[in-house]
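Start at 1 and go down the list; that is how both ligands and their atoms are numbered. We use all heavy atoms of the structure for the numbers below, so side chains are in, but hydrogens, waters and symmetry mates are not. Along the sequence shown, residues are numbered consecutively beginning with 1.
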Amino acid sequence: MLRMPEFEVHRPSTAADAVRLRSQLPDAMYVAGGTDLLPNLKHHLHAPKHLVSLARVEGLSGILRAGDGTLRLGATTSLHAIATDEVLRAEVPGLAKAASLVAGPQHRRMGTIGGNVLLDTRCLFYNQSLPWRRALGSCLKSEGTWCHVIGSDKSCVAAQSSDTVPMLVALDASIEVTLPDGSTETIALAGLWTKDGRFERNRNLPPEALLTAVVIPPRAAGHRSTYRKVRARQAIDFPQVGVAVAAGFDGDRLSSLAVVVGAMLPHPKRLDHDDVAGRPLDDALVEHVAERAYKQVRPQPQVHGDPGWRRELARVETRRALRELLPG
Ligand SMILES: Cc1cc2nc3c(=O)[nH]c(=O)nc-3n(C[C@H](O)[C@H](O)[C@H](O)COP(=O)(O)OP(=O)(O)OC[C@H]3O[C@@H](n4cnc5c(N)ncnc54)[C@H](O)[C@@H]3O)c2cc1C
Ligand code: SF4
């Protein structure tokens with residue numbers, strides 16, 4: 001049986017109190033829906049003495065659309081709400097789709113967008129019980145000193161495995177955070193993650209920072225977006241490959257294109273490709289971008305599925321995602 005370690009739960013009602021508690025209490029962590037954190041606690045990956053619950057913090061939940069088209073998603077808005085909201089489905093269909101593909105229905109009702117953005121990186125050698133990990137001498141990200149995936153004592157390549165993150169990066173989203181000194185800051189998501197998959201080293205953010213909202217800027221004219229995911233079990237599973245595409249269209253010509261691949265590295269990978277402005281999304285362009293996906297991703301055996309197969313799937317799913325954007 002996987003037993004939960006003992007901890008005390010605190011339920012602040014303001015963001016300022018939440019940050020203060022998280023900063024002042026020793027060994028504290030935030031918990032939102034708990035669908036990532038609680039399994040990790042059962043696996044003894046963390047042993048906090050205090051959990052600061054965000055469930056009762058006022059003003060953290062809800063979806064707002066400003067007059068200029070900016071979308072503001074409160075951090076504790078459920079993934080179910082994001083997947084089913086009519087405005088989001090119409091204006092950022094790729095995000096609603098990505099949220100609808102996270103885990104299973106119960107997880108999406110409990111799980112929040114803030115928790116999905118700050119989901120801990122995942123690895124076959126890490127997301128295991130304590131006896132399982134100890135049998136192997138543990139690893140660099142947990143209690144050990146060696147990465148079993150790349151054979152190094154320096155680097156961890158656990159995968160950024162959130163489904164909404166590639167889509168949010170493709171949409172040029174940012175996050176609003178409250179920092180330990182009480183100040184607030186807006187940070188572009190594209191620059192949030194580091195190349196190190198270890199907990200808390202994985203992001204350019206103090207551990208006490210509270211994510212209060214995800215902000216999506218106005219989309220390009222003729223916006224179309226989609227997300228494609230490959231997973232071992234269709235009913236409930238983390239991505240083995242995730243591809244997010246956001247494009248602007250002027251008639252049948254592209255004005256912009258962003259393609260972001262997830263679940264390969266400790267950070268989402270935004271593809272470099274040729275300038276697309278004024279070009280139609282024809283077979284030649286689809287093949288060019290799909291080829292760029294194959295060339296630019298470097299999957300490691302840190303999640304299920306042969307890395308060569310996942311690399312090929314990055315190409316195939318990029319091609320399929322781009323074709324989904326074609327009219328009709
Ligand atoms: C069986 C199973 C399958 C899953 N499949 C998927 C999947 O396919 N795709 C996927 O993306 N996820 C998956 N998940 C993970 C999880 O359900 C989602 O990522 C969910 O969105 C996490 O949100 P949460 O609110 O439950 O986060 P929590 O578990 O509450 O928190 C996650 C982390 O973020 C921190 N945190 C949460 N909110 C904030 C905040 N506002 N400010 C600062 N820190 C914060 C917590 O301290 C914790 O470290 C799965 C989980 C399970 C158990
Ligand atoms: S990538 Fe290496 S260090 Fe990171 S969790 Fe996996 S085995 Fe551990």
Among D196, D153, D120, whose salt bridge (Lys or Arg N to Asp or Glu O under 4.0 Å) with K141 holds?
D120
Suppose the cut-off is 2.8 Å; which protein N/O/S atoms would you list for atom 2 (Fe) of ligand 2?
C147 SG
Number the atoms of ligand 1 from 1 as they appear, then name those within less than 4.0 Å of a heavy atom of A103, with their elements.
3 (C), 4 (C), 5 (N), 6 (C), 7 (C), 8 (O), 50 (C)
Checking contacts here: is it the side chain or the backbone of K229 that comes within 4.0 Å of ligand 1, counting heavy atoms only? Could be both or neither.
side chain
Salt bridge check, D163 against K229: does any charged N sit closer than 4.0 Å to a carboxylate O?
yes
Short N/O distance, under 3.5 Å, between A32 and ligand 1?
yes
Distance under 6.0 Å and angle within 45° of ring axis: R133 vs F125
no
Can you list the ligand 1 atoms lying under 4.0 Å from a non-hydrogen atom of G111?
23 (O), 24 (P), 25 (O), 26 (O)
Say whether D250 and S255, considering side chains only, have a donor N or O and an acceptor N or O under 3.5 Å apart.
no
Protein heavy-atom partner closest to atom 11 (O) of ligand 1 - residue, atom, separation in Å:
N116 ND2, 2.8 Å
Could you tell me, atom by atom, which parts of ligand 1 come under 4.0 Å of a heavy atom of T35?
16 (C), 17 (O), 18 (C), 20 (C), 22 (C), 23 (O), 24 (P), 26 (O), 29 (O), 51 (C), 53 (C)
Taking D172 first and then R270, would you say they form a salt bridge - that is, a charged N and a carboxylate O separated by under 4.0 Å?
yes
Do NZ/NE/NH1/NH2 and the carboxylate oxygens of E143 and R134 come within less than 4.0 Å?
no
Partners of F238 by ring-ring contact (aromatic ring centres under 6.0 Å, His included), sequence neighbours excluded?
none
Which of the ligand 1 atoms, numbered from 1, are nearer than 4.0 Å to a heavy atom of D163:
7 (C), 8 (O), 9 (N), 10 (C), 11 (O)
Kindly indicate whether the side chain of V19, heavy atoms from C-beta on, has any atom under 4.5 Å from the side chain of R22.
no
Say whether H50 and H10, considering side chains only, have a donor N or O and an acceptor N or O under 3.5 Å apart.
yes
